[in-house]
Amino acid sequence: MELTMEKEKLKTEKSMKTKTISGSEAVVLSLLEEGINIVFGYPGGAIMPLYDELYKYQDKIHHVLVRHEQGATHAAEGYSRTTNTTAVAIATSGPGATNLITGIADAMIDSTPMVCITGQVGAHLLGTDAFQETDIIGIAAPVTKWSFQVTKASEIPGAIAKAFYIANSGRPGPVLIDITKNALFEVFEFEYKKCTHIRSYQPKPVLNMEQVKQAAAAINGAKKPFILCGHGVLLSHAQEALMGVMEKAGIPAASTLLGLSAIPSSHQLYVGMLGMHGNYGPNMKTNECDVLIAVGMRFDDRVTGRLDAYAKQAKIIHIELDKSEISKNVHAHIPIHADAKEALNALLPLLERNKHPEWLEEFKACDKIEFEKVIKEELNPSTPQIKMAEVVRKLSDITKGQAILVTDVGQHQMMGLRYYQFETTNANVTSGGLGTMGFCLPAAFGAKMANPNKEVLAIIGDGGFQMTIQELGTIFQTNAAVKIIILNNNFLGLVRQWQALFFDRRYAQTELINPNFVMISQGYGIPAKKIEKREEIESAIKEMLAHNGPYLLEVMVEQEGNVFPMIPQGKAVHEIQLEA
């Protein structure tokens, strides 16, 4: 009798947790279980049942209608990168799904957690070349952490739970769930359980304290230690732990492109940006330090230059969550396969309190050289044409380094990240590994929707702007108060720079005849202004920032300016050039 009553009780409890619903509603309820309240997407035939369900739940999930599916992925990236959460992009089958791929690839190489949901033809039509059928799982497999095709409604909760767990555990990245149309219509007993474990998948390694002790001994004995701060510091929320290590051991630190904003630009031990167009000191001193501590970065080619001449004099400590990155490009003498925050917190008490004033002075000496050779001219108020650097620096000064800076790809990106002085964290949103032109505009409104109370600046070149210009429509419809600054030089600037330096100034297909951006912006209902004189910069920026809503400011800048310093391809980091 007691056993029967217990069974009835369990049955009742289960019925309270489950209900019979459609696959489409299951998708929506699964997203709500994962804390999602905003999604970016574009409807179509195969995904229409899900959109019908989203319509019923619009008070709980805000859907942002982009103008192209690529925009949905970049917007999700902007949202994710500024919140360290998993964002969602939705598209239909066929071209809708394939249009997501560029953004998915971008998210994969830049370790951005994202769940993409695509519609698919009915399961009975798979493999028949049905209308708008594409093997999106096969296409997406190389650029996702995991991809899965759902053919039955009952698979939806488990697939989505697994997708969110994979996307934001270990080294984050994008996942894709492809759902056949029949699965969206089918009904089943819905029950949602968050995924917390997958057999054979171990996203967080066990910290090896012996390696940490070796690292501490190397740092304590170093005369010229140097920290390289990568994107992994931001992803693991290790900013404070990193600065604790820097300050206790007196170690200068530089950032990779994606590591920017992990350390405030004004920090006394922060020495600038690494890489091809990074600061002079960090690049030069990489080949002079005796202990190099790389945290959450992958030693990509834009940082290392010639590998056979990279930091050969240094003992290299590499703290990295993704084991495949350790010693892949640069041999690690002391590999620490671990979460950055956990490793740095374990390292901190083992470090001796220290200072390296003479070593730090060497960086300051390099800063003076770079200022005289490069920065002084970039910020020179008497040059004939406006330079990108002075616009960015004025933006930085007026916003006091507190804005979120979203950049596209090109010269404006390098100038933006060189001259904006980040004083708040998770404030740098750019396309690093893939270098995706067109990234900025949608990423900026994604960032703004995640951070409605923060200023979001979108710095874009005239070339990249036109790759996703249609997303002005999304900004108009949502009234996302993004401040768009086009630095217009009528060229594909970075390609032109290479043509000038390495191809005898043969400007093959890099000069642009541009439309009237102000009129286009105004056509979308977004106020806009164009300036060509230096004395207009400050007042135009203040006018833009004061406007309550989106605004576009076009600044005509020097046509054939170059970004220096520069490490030419095939050269070592110490062969960095300060001029042509």
Side-chain angles (χ1 to χ4, degrees), residues 19-80 83 85-97 99-100 103-104 114-122 132 136 148-150 152-161 163-164 167 174-188 190-192 442 445-446 449-450 452 471 473-480:
K19 58 178 180 176
T20 301
I21 60 172
S22 70
S24 297
E25 189 173 8
V27 174
V28 176
L29 294 182
S30 298
L31 294 177
L32 288 170
E33 289 282 349
E34 292 292 342
I36 298 299
N37 56 22
I38 185 169
V39 296
F40 304 91
Y42 202 94
I47 201 70
M48 206 177 298
L50 174 56
Y51 271 81
D52 188 57
E53 210 59 52
L54 284 167
Y55 180 83
K56 300 171 189 175
Y57 280 87
Q58 57 189 300
D59 60 326
K60 294 183 178 178
I61 294 184
H62 175 48
H63 179 278
V64 178
L65 177 63
V66 296
R67 297 305 187 264
H68 187 286
E69 292 86 356
Q70 181 182 344
T73 52
H74 293 326
E77 287 184 276
Y79 191 98
S80 174
T83 60
T85 59
T86 304
V88 176
I90 301 174
T92 194
S93 63
N99 282 343
L100 297 176
I104 291 173
M114 178 167 64
V115 171
C116 294
I117 298 171
T118 54
Q120 185 54 275
V121 300
Q132 290 195 333
I136 193 61
F148 181 73
Q149 187 172 75
V150 170
K152 296 184 291 186
S154 59
E155 298 173 324
I156 287 171
I160 290 179
F164 274 88
V175 300
L176 183 139
I177 304 297
D178 189 45
I179 308 176
T180 58
K181 197 168 185 178
N182 62 287
L184 292 172
F185 279 119
E186 287 171 5
V187 295
F188 72 110
F190 173 79
E191 183 179 6
Y192 196 80
F445 70 70
M449 289 179 174
E471 298 307 335
T474 308
I475 293 172
F476 170 56
Q477 186 165 343
T478 59
N479 200 36

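Scope of the values below: all heavy atoms of this structure, side chains included, with no hydrogens, waters or symmetry mates.
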(request) Flag the pair Val187 / Ile21 as yes when at least one side-chain heavy-atom distance between them is below 4.5 Å, and no otherwise. (result) no
(request) Indicate the atoms forming the closest heavy-atom contact of Ala91 with Ala97, along with that distance. (result) CB-N, 4.3 Å
(message) Tell me whether Glu186 contacts the main-chain N or O of Gly23 through its side chain, where contact means a donor paired with an acceptor under 3.5 Å.
(response) no
(message) So Phe40 and Ile90, do their side chains get closer than 4.5 Å, heavy atoms only?
(response) no
(request) Pick out which of Asp178, Thr92, Asn182 makes a side chain to side chain donor-acceptor pair (under 3.5 Å) with Gln120. (result) Asp178
(message) Is a donor from one side chain sitting under 3.5 angstrom from an acceptor on the other, for Glu471 and Thr474?
(response) yes
(message) I'd like to know if the side chain of Ser80 and the backbone of Ala76 have a donor-acceptor N/O pair within less than 3.5 Å.
(response) no
(request) Answer yes or no: is there a side-chain heavy-atom contact under 4.5 Å between Ile61 and Asn37? (result) no
(request) Could you list the residues that satisfy ring pair (Phe, Tyr, Trp, His ring centres under 6.0 Å) with Tyr51, not counting sequence neighbours? (result) His63
(request) Compute whether any side-chain donor of one residue and acceptor of the other, for His74 and Gln70, lie under 3.5 angstrom apart. (result) yes
(message) I need the minimum non-hydrogen distance between Glu34 and Ala161, along with the two atoms involved.
(response) OE2-CA, 4.0 Å
(request) Evaluate the side-chain proximity of Val175 to Phe164: yes if any heavy-atom separation is below 4.5 Å, no if none is. (result) no
(message) Just so I know, are the side chains of Lys56 and Asp52 near enough to count as touching, which here means a heavy-atom distance under 4.5 Å?
(response) yes
(request) On the 0 to 90° scale, with breaks at 30° and 60°, tag the Phe190-Tyr192 ring pair as parallel, tilted or perpendicular. (result) parallel
(message) Quick one: does any side-chain atom of Glu155 pair with a main-chain N or O of Lys152 as donor and acceptor, under 3.5 Å?
(response) yes
(message) Is there a side-chain contact between Val88 and Met114 in this structure, where contact means two heavy atoms from C-beta onward sitting under 4.5 Å apart?
(response) no
(message) If I compare all heavy atoms of Glu53 with all of Ser22, which pair ends up nearest, and what's the gap?
(response) OE1-OG, 3.9 Å
(message) Given 3.5 Å as the limit, does a donor-acceptor pair link the side chain of Ser30 with the main chain of Pro157, or not?
(response) no
